[in-house]
There are 2 protein chains.
Amino acid sequence: MDNKLLKQKLAEKGMKITPQRMAILEAVYELNNHPTAENIIEFIRKTHPNVAIGTVYKVLETLVENGLIKKVTTDRNFMRYDGILESHHHLYCSNCDLIEDYHDAELDELLKKYFESKNISGFKIEEFVLQIKGTFNKC
Amino acid sequence: MDNKLLKQKLAEKGMKITPQRMAILEAVYELNNHPTAENIIEFIRKTHPNVAIGTVYKVLETLVENGLIKKVTTDRNFMRYDGILESHHHLYCSNCDLIEDYHDAELDELLKKYFESKNISGFKIEEFVLQIKGTFNKC
DNA sequence: TACTTAAATAAGAATTATTCTCCGTTAAGA
DNA sequence: TCTTAACGGAGAATAATTCTTATTTAAGTA
Ligand SMILES: [Mn+2]
Ligand SMILES: [Mn+2]
Ligand SMILES: [Zn+2]
Ligand SMILES: [Zn+2]
């Protein structure tokens with residue numbers, strides 16, 4: 001992804017544009033399989049050897065708050081991040097740490113319809129994420 | 001839950017029966033809103049003041065491995081646990097740390113049917129967990 | 001019931017991921 | 001160019017979890 005676009009994404013959210021933010025946002029996009037902070041640090045070190053670890057965590061938090069990336073939960077004790085904002089679900093591998101995207105507009109529609117009819121009392125739904133747990137044949 | 005039943009559950013899995021394991025398993029059942037290790041430690045301290053923290057983590061891991069409890073993922077940096085084994089989904093509150101169970105056999109059936117028709121190539125599904133994010137009116 | 005032993009626990013150190021603090025630097029508007 | 005609030009670097013601090021080692025115990029066996 002080119003710098004123009006990265007700058008634009010930050011600017012759209014009214015965020016100050018800094019090299020660190022651009023590098024970290026780009027890393028989340030490039031490392032497309034839900035990278036950890038660790039993965040991101042390793043990646044950006046290649047081009048930005050002196051970015052502080054604390055900065056990476058801070059920037060990731062800020063990017064999440066501003067809706068430029070999302071957190072992906074795992075049953076391990078570290079966080080993972082996702083640069084894909086459009087609604088999608090996740091295939092979690094039971095054998096390894098692989099989390100694959102599962103895009104399915106038909107499923108989204110099905111869920112949306114289902115919960116429109118069936119409204120949950122006392123709760124206002126913002127979004128769904130279906131965790132699909134299982135194993136990949138390749139694993 | 002009485003001791004007989006707790007013992008039985010451990011025995012069914014071929015696990016050695018210890019007071020610590022019984023207390024921790026009972027705590028997960030009693031603290032029914034997806035307790036953290038911290039919550040569990042606090043709870044069992046009332047009756048078992050000298051259980052080591054390391055033991056709690058170890059036992060929780062063992063209970064998960066043996067399929068007596070499940071982990072519940074959050075976007076915070078600690079794990080939560082669930083004593084309810086039957087398929088169900090979760091309402092995550094965006095305002096606080098509340099995670100409420102959402103049981104819905106109709107939805108389970110819908111998902112099962114949907115993924116039977118639509119099979120995901122190269123992936124064998126074991127279970128679904130739908131994360132329903134939003135806000136409770138009371139929050 | 002007493003004996004045996006592998007497995008489990010207590011205590012506390014160590015590790016890991018993440019957050020915080022403080023001070024120097026910089027982006028962006030005037 | 002100047003100003004300044006926001007940002008980032010360095011490293012200490014914290015919080016959750018894991019590891020290590022010695023001691024204890026559950027549960028099978030004689
Ligand atoms: Mn994704
Ligand atoms: Mn639950
Ligand atoms: Zn795998
Ligand atoms: Zn709430």
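What you see is a predicted model; the values in this text were computed from it and never measured. Order of the sequence lines sets the chain letters (A, B, ...), proteins ahead of strands, with each chain counted from 1.
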Just the rounded figure in Å: distance from [atom2] of [N] to [atom1] of [X].
{"X": "B:Arg80", "N": "D:dA16", "atom1": "CZ", "atom2": "P", "result": "13 Å"}
{"X": "B:His48", "N": "C:dA8", "atom1": "NE2", "atom2": "C1'", "result": "15 Å"}
{"X": "A:Leu60", "N": "C:dA17", "atom1": "CG", "atom2": "C1'", "result": "13 Å"}
{"X": "A:Lys13", "N": "C:dA27", "atom1": "NZ", "atom2": "P", "result": "23 Å"}
{"X": "A:Asp75", "N": "C:dA17", "atom1": "CG", "atom2": "P", "result": "15 Å"}
{"X": "A:Met22", "N": "D:dC7", "atom1": "CE", "atom2": "P", "result": "16 Å"}
{"X": "B:Asn66", "N": "C:dA7", "atom1": "CG", "atom2": "C1'", "result": "13 Å"}
{"X": "B:Ile40", "N": "D:dA16", "atom1": "CD1", "atom2": "C1'", "result": "13 Å"}

Would one find a side-chain N or O of [X] under 4.0 angstrom from OP1 or OP2 of [N]?
{"X": "A:Thr18", "N": "D:dG8", "answer": "yes"}
{"X": "A:Tyr57", "N": "C:dT18", "answer": "yes"}
{"X": "A:Gln20", "N": "D:dG9", "answer": "yes"}

Check your understanding: When we call it a touch if two heavy atoms are under 4.0 Å apart, what does A:Phe78 touch: a base, just sugar-phosphate, or nothing?
Key ->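 The answer is sugar-phosphate, as A:Phe78 gets under 4.0 Å only of primed atoms, P, OP1 or OP2.
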
Practice item. May I ask you to say what A:Thr55 touches in the nucleic acid, namely base, sugar-phosphate or nothing, with a heavy-atom cut-off under 4.0 Å? Key: base

Point to revise | Residue met sooner reading DNA chain C from 5', once B:Val51 and A:Ile17 are mapped to nucleotides | key: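 That would be B:Val51.
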
Review point. B:Arg21 or A:Glu61: which one's nearest nucleotide on DNA chain C is closer to the 5' end?
Key: B:Arg21

Check your understanding: So which one's nearest nucleotide on DNA chain D is more toward 5', B:Lys58 or A:Val56?
Key ->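 So the residue in question is A:Val56.
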
Revision key, fill the gap. Comparing nearest nucleotides in DNA chain D, the 5'-proximal residue of the pair B:Met79, A:Ile53 is A:Ile53

Check your understanding: How about A:Phe128 and A:Tyr114: are their ring centres within less than 6.0 Å of each other?
Key -> no

Check your understanding: Between D:dA26, D:dT17, C:dA27, which one does the side chain of A:Pro19 approach most closely?
Key -> C:dA27

Review point. Can you find a side-chain donor-acceptor pair between A:Asn39 and A:His34 that sits under 3.5 Å?
Key: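 There is no such pair (donor and acceptor under 3.5 Å, judged by atom type) between the side chains of A:Asn39 and A:His34.
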
Check your understanding: Looking at side-chain heavy atoms only, is the closest gap between A:Ile41 and A:Thr36 below 4.5 Å?
Key -> no

Review point. Side chains of B:Ile40 and B:Ile24: does their closest heavy-atom pair fall under 4.5 Å?
Key: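 Sidechains of B:Ile24 and B:Ile40: in contact.
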
Practice item. Determine whether more than 12 heavy atoms belonging to other residues, nucleotides or ligands lie under 6.0 Å from atom NZ of B:Lys7. Key: no

